[in-house]
Number of protein chains: 4
Amino acid sequence: MPGERRTDPQEERAAKRRGDRRDQIIAAATEVFAEFGYHLASISEIIRRAGIARGTFYLYFDSKHAVFDSILSGAMVGLASRIRVIETASGSEPPHQQAEQNIRRVLQYLYENRPLSQLLLNPGLTPDTESAQHLQAFYDRVAEMIRASLDHGINIGLVRACDTELVAPALLGAIRSVTRQLLKDDATPDLDRVVGELVAFGWRGVMVPEVWD
Amino acid sequence: MPGERRTDPQEERAAKRRGDRRDQIIAAATEVFAEFGYHLASISEIIRRAGIARGTFYLYFDSKHAVFDSILSGAMVGLASRIRVIETASGSEPPHQQAEQNIRRVLQYLYENRPLSQLLLNPGLTPDTESAQHLQAFYDRVAEMIRASLDHGINIGLVRACDTELVAPALLGAIRSVTRQLLKDDATPDLDRVVGELVAFGWRGVMVPEVWD
Amino acid sequence: MPGERRTDPQEERAAKRRGDRRDQIIAAATEVFAEFGYHLASISEIIRRAGIARGTFYLYFDSKHAVFDSILSGAMVGLASRIRVIETASGSEPPHQQAEQNIRRVLQYLYENRPLSQLLLNPGLTPDTESAQHLQAFYDRVAEMIRASLDHGINIGLVRACDTELVAPALLGAIRSVTRQLLKDDATPDLDRVVGELVAFGWRGVMVPEVWD
Amino acid sequence: MPGERRTDPQEERAAKRRGDRRDQIIAAATEVFAEFGYHLASISEIIRRAGIARGTFYLYFDSKHAVFDSILSGAMVGLASRIRVIETASGSEPPHQQAEQNIRRVLQYLYENRPLSQLLLNPGLTPDTESAQHLQAFYDRVAEMIRASLDHGINIGLVRACDTELVAPALLGAIRSVTRQLLKDDATPDLDRVVGELVAFGWRGVMVPEVWD
DNA sequence: AATGAATGAGGGTTCATTCAT
DNA sequence: CATGAATGAACCCTCATTCAT
């Protein structure tokens, strides 16, 4: 207690360890959820992989559902931080390059977090309809961002007139589908090629036919 | 199959009734699975809706898993029967019209079987990783058909050179995503418009840029 | 189905068996609750004594709490049916004889249901404060009946003027205390003597009777 | 015990503090036990109210059960110290006045220790049958004292001939019942009136006193 | 002396499946 | 064929207790 600094180093270490435990549990749980799906994932298996006792689990999370929510929240933050709104101010990079980089960053994140990606891409590993809707809500937000970009593109004559309410999810679905496909194999694919193809496919699908490279 | 031996009319009726019961159970189970997801769906709820006794259920299906598999198989047959290989022989309809009709027939089927569609479109309502893979295997087969069509299209100069292994799932993903989106609302959407947009989007994404209608 | 009488004998037997099972479980549970108290009583022990499987228990009761409530309700009905309002109309038996018979009937019931009596006499074997209050509410009702009798007795000059709000629970407490005392031993005590002493005590207290009617 | 050796003032203070901690824990535990009953009372809640850490609790008590026993022992000592054997030597106060003062002192003690009183009066808040018997043993001792007094009273012609083995618990039960009743309300009742009524009831019962000394 | 993270035995409950009627 | 009472393995979660710091 003498000369107590901003943060007591002992407390600091404790807080650190506490965070570590949480992360350790989350990592184990993510694996197990991805492998078995929510319902077939047992607390027993999670604590076995985390190397902790039963009670310890409940020291960090209120329930099985709570860990799942934590995982999902973390993932959404992680994904969202990789997606930037596409700028069309003069001087900005061409939109399709911005889109390309968004996709590249997201794929990078997913490749780096394989088990987590299973959870994100397979809404079917979810505890219940409600949780699936959480996840869906996130995708809806992303689809909305895409739609706004498309609408803007139409206004400035870059994108052909189309029903953006349909085309936005179509674009997103294309990306998800390809990503899920690629994550099935363990091999890390050539990111540049994948992103290139995706953008090429999506771009031609939406652009105005007159303006071509 | 005709003239298989004289079928006792009583046996025949029995077989008929037996089939009816099965269908009745399948219908109830489909509803319940779609509503709650596989794990939260209980046999109790299924038999309640089917109006049968507990034991009766196990007279027609070996297990909970077995009904689910039956449902999935039926759906795959139903879907597959709506999809025709695209013909490019001279005299055939233009490929994009054939694709359009494939999509229209599939959507029609899905709209007519709402609860079933939930199961097909949300891999998350699936019992386990294995079952999800069954479903995925079906989609892989469809993707493969699309890929073959694309490859052929490239050969005859109709489709731009692209990595069909990526573009095929992208196309399929676009369709699935849009369909899932539309099935969320109860309203039956304008099929022609939806199919039109989908084809327009997909077509431009894959066609050679020189030939434009 | 042919000649179906008022009640299908098969159904009848089934209903009978169903009731039997319930009673069987209630009997076992009463024993276990009386022996260990609510919290230390385990479902495992209850089903062991009832000779049934775990799931069977939950076929007849929703929860551990539910059996307990059933037991308590049954006991209250049983007790209440042994207690009659004391009549003071001319031609009725003398009030103290009526009281005597109430007590005798209650004691009879308790002696015939030993384990049940533990539960009733020891509010401490109760699941929670709430349940204890259920039981207490019953005793309050009985005390209220006693109080009404006393008030009436005062009005007709049979009972001395006293604070019936205090004396009523005192009388009831005396009865409960003696009963609990006697039920501790396994031997069945001489009912007539016990009841006689109780009534005498309540009626005239402990004072010497040199002054007596 | 006087002149116990020179007590180091530091040790003394330490012992003092140690005692304080104990009392602090006992006070918190008494509250919690009274509020929830033994089993629903958690160590977590006790240490929360005592403002100490988990481990500290086990520095002062071996177990949850041990605190409960401590509380009970303390209460018994407290109660016993308020009860004096009734003297019948010539020159003593009249027995019924001595009884009256015993009751008054006990009630005073109970009113001053409300939460404790819940524990004492509701055998149902007890950990197990064994603990309930501890408590019961205390009451048995008190009943025995009452019985001895009654026997003596009969010998000297003050008390009517009666089965003191029955009447003693009856008297005690009456007192307990009334006390429990009164402690339910938060208001502190008029002690003199209550004690007066109790003694009157025990002494002369409920009968009309037209025939009186 | 004090702390609080960690432990794990044990609790109540669910539900797919079986089988005697 | 049909029934539904019975089964029991397996689940999630709680909480008194321990012990390294």
Side-chain angles (χ1 to χ4, degrees), chain A residues 10-11 13-15 17-18 20-22 39-47 50-67, chain B residues 14 17-18 21 38-47 51-67 127, chain C residues 10-11 13-15 17-18 20-22 39-47 50-67 127, chain D residues 14-15 17-18 21 38-47 51-67 127:
Chain A
Q10 203 164 345
E11 266 185 28
R13 226 180 313 131
R17 273 235 315 273
R18 200 180 150 75
D20 287 355
R21 263 279 195 270
R22 251 190 84 94
H39 290 284
L40 262 34
S42 68
I43 299 287
S44 297
E45 182 63 17
I46 293 175
I47 63 177
I52 59 171
R54 221 171 187 72
T56 307
F57 175 90
Y58 288 92
L59 223 51
Y60 292 88
F61 295 97
D62 281 345
S63 66
K64 185 183 178 183
H65 206 114
V67 222
Chain B
R17 272 227 318 271
R18 200 181 148 76
R21 265 276 201 267
Y38 181 83
H39 290 285
L40 263 34
S42 66
I43 298 287
S44 296
E45 182 63 17
I46 293 174
I47 63 176
I52 59 170
R54 216 168 194 70
T56 309
F57 175 91
Y58 287 91
L59 237 42
Y60 291 88
F61 295 97
D62 282 344
S63 66
K64 186 182 178 182
H65 207 114
V67 222
Chain C
Q10 202 164 347
E11 264 184 29
R13 225 182 313 133
R17 272 236 315 274
R18 200 181 149 75
D20 287 355
R21 262 279 196 269
R22 251 191 83 94
H39 290 285
L40 262 34
S42 68
I43 299 286
S44 297
E45 182 63 19
I46 293 175
I47 63 176
I52 59 171
R54 222 171 185 71
T56 308
F57 174 90
Y58 287 92
L59 223 51
Y60 291 88
F61 295 97
D62 281 344
S63 66
K64 185 183 178 182
H65 207 112
V67 223
Chain D
R17 273 227 317 271
R18 203 182 145 75
R21 265 276 202 269
Y38 180 83
H39 290 285
L40 262 34
S42 67
I43 299 287
S44 295
E45 182 63 16
I46 293 174
I47 62 176
I52 59 170
R54 217 167 194 72
T56 309
F57 175 90
Y58 286 91
L59 237 42
Y60 291 89
F61 295 97
D62 282 345
S63 67
K64 187 183 179 182
H65 207 116
V67 221

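Note on naming: letters A, B, ... go to the chains in the order of the sequence lines (proteins, then strands), and numbering restarts at 1 for each one.
- Counting atom types as modelled, Arg54(B) pairs no side-chain N or O with a base atom of dT18(E) as donor and acceptor under 3.5 Å.
- Going from atom CD1 of Ile46(D) over to atom C1' of dC15(F) covers 12 Å, rounded to whole Å.
- Comparing dT17(F), dA16(F), dA16(E) by their closest approach to the side chain of Ser63(D) singles out dT17(F).
- Here the closest heavy-atom approach between residue Ile47(B) and residue Ser44(B) is recorded as CG1-O, 3.2 Å.
- Atom CG in Leu40(C) sits about 12 Å away from atom C1' in dG10(E), given to the nearest Å.
- The distance from atom CG of Asp62(B) to atom C1' of dA16(E) is 13 Å, rounded to the nearest whole Å.
- If you take CZ of Arg22(A) and C1' of dA5(E), they are 16 Å apart, rounded to a whole angstrom.
- Rounded to an integer number of Å, the gap from Ile52(A) CD1 to dG4(E) P is 20 Å.
- You'll find the side chain of Val67(B) stays beyond 4.5 Å of the side chain of Tyr60(B), heavy atoms only.
- Among the protein residues, Ala41(D) comes within range of the sugar-phosphate backbone only, with heavy atoms under 4.0 Å from sugar or phosphate atoms but none that close to a base.
- When the P atom of dG11(E) is taken as reference, atom CZ of Phe57(C) falls 14 Å away, rounded to whole Å.
- One N or O on the side chain of Tyr38(D) and one on the backbone of His65(D) form a donor-acceptor pair closer than 3.5 Å.
- Residues Arg21(C) and Thr56(C) bring no donor and acceptor atom of their side chains to less than 3.5 Å of each other.
- Residue Thr56(D) places at least one side-chain N or O under 4.0 Å from the OP1 or OP2 atom of dT3(E).
- Lys64(B) places no side-chain N or O within donor-acceptor distance of the main-chain N or O of Ser42(B), the cut-off being under 3.5 Å.
- Both distances falling under 3.5 Å, in either a Watson-Crick or a G-U wobble arrangement, place dT21(F) opposite dA2(E).
- Within 4.0 Å of Leu59(C), counting heavy atoms only, lies at least one base atom of the nucleic acid.
- Contact check, Tyr60(A) against dA6(E): a side-chain N or O comes under 4.0 Å of OP1 or OP2.
- Proximity note for Ser42(D) (side chain, C-beta onward) versus dG8(E), dG12(E), dA16(F): the nearest is dA16(F).
- Summary of the strand contacts: Ile43(B) and Gly55(B) both lie near DNA chain E, and taking for each the nucleotide with the nearest heavy atom, the more 5' one is attributed to Ile43(B).
- In this structure, CD1 of Ile47(C) is placed 11 Å from P of dG11(E), rounded to the nearest angstrom.
- dA16(F) and dT7(E) make up a base pair, with Watson-Crick or G-U wobble contacts both under 3.5 Å.
- Taking atom NE2 of residue His39(A) and atom C1' of nucleotide dT14(E), one finds them 13 Å apart after rounding to whole Å.
- Using a 4.0 Å cut-off, no side-chain N or O of Tyr58(A) falls inside it from OP1 or OP2 of dT14(F).
- Looking at the side chain of Lys64(A), the nearest of the listed nucleotides dT7(E), dC12(F), dA16(E) is dC12(F).
- In this structure, Glu45(D) CD and Leu40(D) CG are separated by 11.5 Å, a value rounded to the nearest 0.5 Å.
- Between Ala53(C) and Gly51(B), the residue whose closest nucleotide on DNA chain F is further toward the 5' end is Gly51(B).
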